[in-house]
Amino acid sequence: MKTAAEYVESLRRQKMTVYMFGEQVENPVDHPIIRPSLNSVAKTYELAGDPRYEELMTASSSLTGKKINRFTHLHQSCADLVNKVKMLRLLGQKTGSCFQRCVGFDAFNAVDSTTAEMDAALGTGYNKAFRTFLQHVQDADLVCNGAMTDPKGDRSLRSPSQQADPDLYLRIVAREADGIVVRGAKCHQTGALNSHEVLVMPTAALSGAEDRDYAVCFAIPSDSKGLLYVYGRQASDTRKLESGGMDVGNCRYGGHEALIIFEDVFVPWERVFMCGEYQFAAQLVERFAGYHRQSYGGCKVGVGDVLIGAAAQAAEFQGTDKASHVRDKLIEMVHLNETLYACGIACSSQGCATVSGTYLIDMLLANVCKQNVTRFPYEIARLAEDIAGGLLATMPAEADFRHPQVGRYLEKYLKGVAAVPTEHRLRMLRLIETLTIGTAAVAYRTESMHGAGSPQAQRVMIARQADMEHKKRLARVLAGIETET
Ligand code: SF4
Ligand code: FE
């Protein structure tokens, strides 16, 4: 396994084409706006090398028997699924942000089981090719960006081929002797700049042969010819360029998303895991989404732990911690946060083996998990803002706090409890600010809403899994309309 330092060095060797703020970024690794997100991914390497976290952070490869980083593992049991959720909570606690590596992890597991079932049904040979790729990922301990979301254009059109611009869904534009050529884009790509590889999947169910060019799954190195990245900006992102560092709130970690453009990119056949089999697009999408909905029952809970801790600490620094309503709000936050965790653990412990041997979560419970995530972090954030007080949004800048004339007034008038340095109070409020309305709010709020699919996507899956007929039959029996069978 790589160390964190080796991981950072391996990214330096990549030559990616990256744009941000209207300029090409020559060195993404050391860019002050991007670097905190890289620190978060590096944490997945650092903790894997720490004996205290070995059980959660590492696994024995089902392909080679070697010890690997869990983020490259195919789940072999419900215990593996549970350990994944625990690992993500741990990393959320340590980084207070999105650590990005789960998207590829979830893609590996979805692609493995789906290609095995596709091969069995259609006589294709994709699973072997995929596992060869995955073994490379495991051996070299790589980060893989799982790329699913297409731009999608006009949502009222049922099929990708109906769009006025056929590239609004990523598609195959040429099939050649040694591989395929693809064109399109993938939006909201978490951790794209911190990844060694991109694993592309279709974005939605495909209903017919007219969409076969959109049924494509493949993996390529992140710096492949024709790939272009445009960094997604976040609220308060330029604070990372300021001297000091207090106003960023989270002093070391962050997350990022980027738009990836595929400008006629060549993919060799050995890296193609679906090419026209539109019948299996839905399954791949549902499984990937299911795993990522499970993920949120870990990562968002870990970040929630940080936010609850920050609110409790701010209350203490301000002298409001003994107030019964503040204590009750903190209890409510814990209750909501642990409810999310309960769903993450539940969908994992009720998982089952697929044809390939890779374990899948309980899909109904994973979708319930994510549906709760679209709501509870908002309420936890609301309560944190309530406890923090209005200073959260009116604090002067660090530069004023350090200023020789005005700084002493801020020290005096922004003080809470006498024994607590004013700076500690301000730092804690800045951390709450970044998690609720600053850079990290992307991960804790908006991503809780739309990541792994927007709320309606979960409701569709919940409706499909609910088995309403069974529930109605239970009622008919007890109402004396039917006899029990
Ligand atoms: Fe992982 Fe959570 Fe970030 Fe998704 S949002 S990549 S599950 S940390
Ligand atoms: Fe996400």
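In listed order, ligands and their atoms are each counted from 1. What's counted below: heavy atoms across the whole structure, side chains too, no hydrogens, waters or symmetry copies. None of these values were measured; they are calculated from a predicted model.
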For this session: Give a yes or no on whether Lys43 atom NZ has more than 12 heavy-atom contacts from other residues, nucleotides or ligands under 6.0 Å away.
Result: yes
Problem set entry | Sphere of radius 2.8 Å around atom 3 (Fe) of ligand 1 - protein N, O or S atoms inside | Cys98 SG
Exercise. Can you check salt bridge (charged side-chain N to carboxylate O under 4.0 Å, His left out) on Lys329 and Glu385, steps first, answer last?
Worked result: CA-CA 11 Å; Lys329 281 164 188 159; Glu385 288 182 34; over 6 Å; no
Exercise. With Ala215, which residues qualify under side-chain contact (heavy atoms from CB on, under 4.5 Å), at least two apart?
Worked result: Leu206, Met274, Tyr278
Exercise. Residues two or more places apart in sequence or in another chain: which of them pass side-chain contact (heavy atoms from CB on, under 4.5 Å) with Pro28?
Worked result: Val18, Val25, Ile34
For this session: Applying ring pair (Phe, Tyr, Trp, His ring centres under 6.0 Å) between Phe273 and each of Tyr126, Phe130, Phe218, report the one that passes.
Result: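 So the option named by the test is Phe130.
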Exercise. Which of the atoms of ligand 1 are close to Lys300, meaning less than 4.0 Å from one of its heavy atoms?
Worked result: 5 (S)
Exercise. So, Asn194 and Ser37: side-chain donor and acceptor under 3.5 Å apart, yes or no?
Worked result: yes
Exercise. Under the ring-ring contact (aromatic ring centres under 6.0 Å, His included) rule, what pairs show up with a residue in residues 363-387, not counting sequence neighbours?
Worked result: none
Problem set entry | N/O/S atom name from His292 that is nearest to the position of atom 4 (Fe) of ligand 1 |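 The His292 atom nearest to atom 4 (Fe) of ligand 1, restricting to N, O or S, is NE2.
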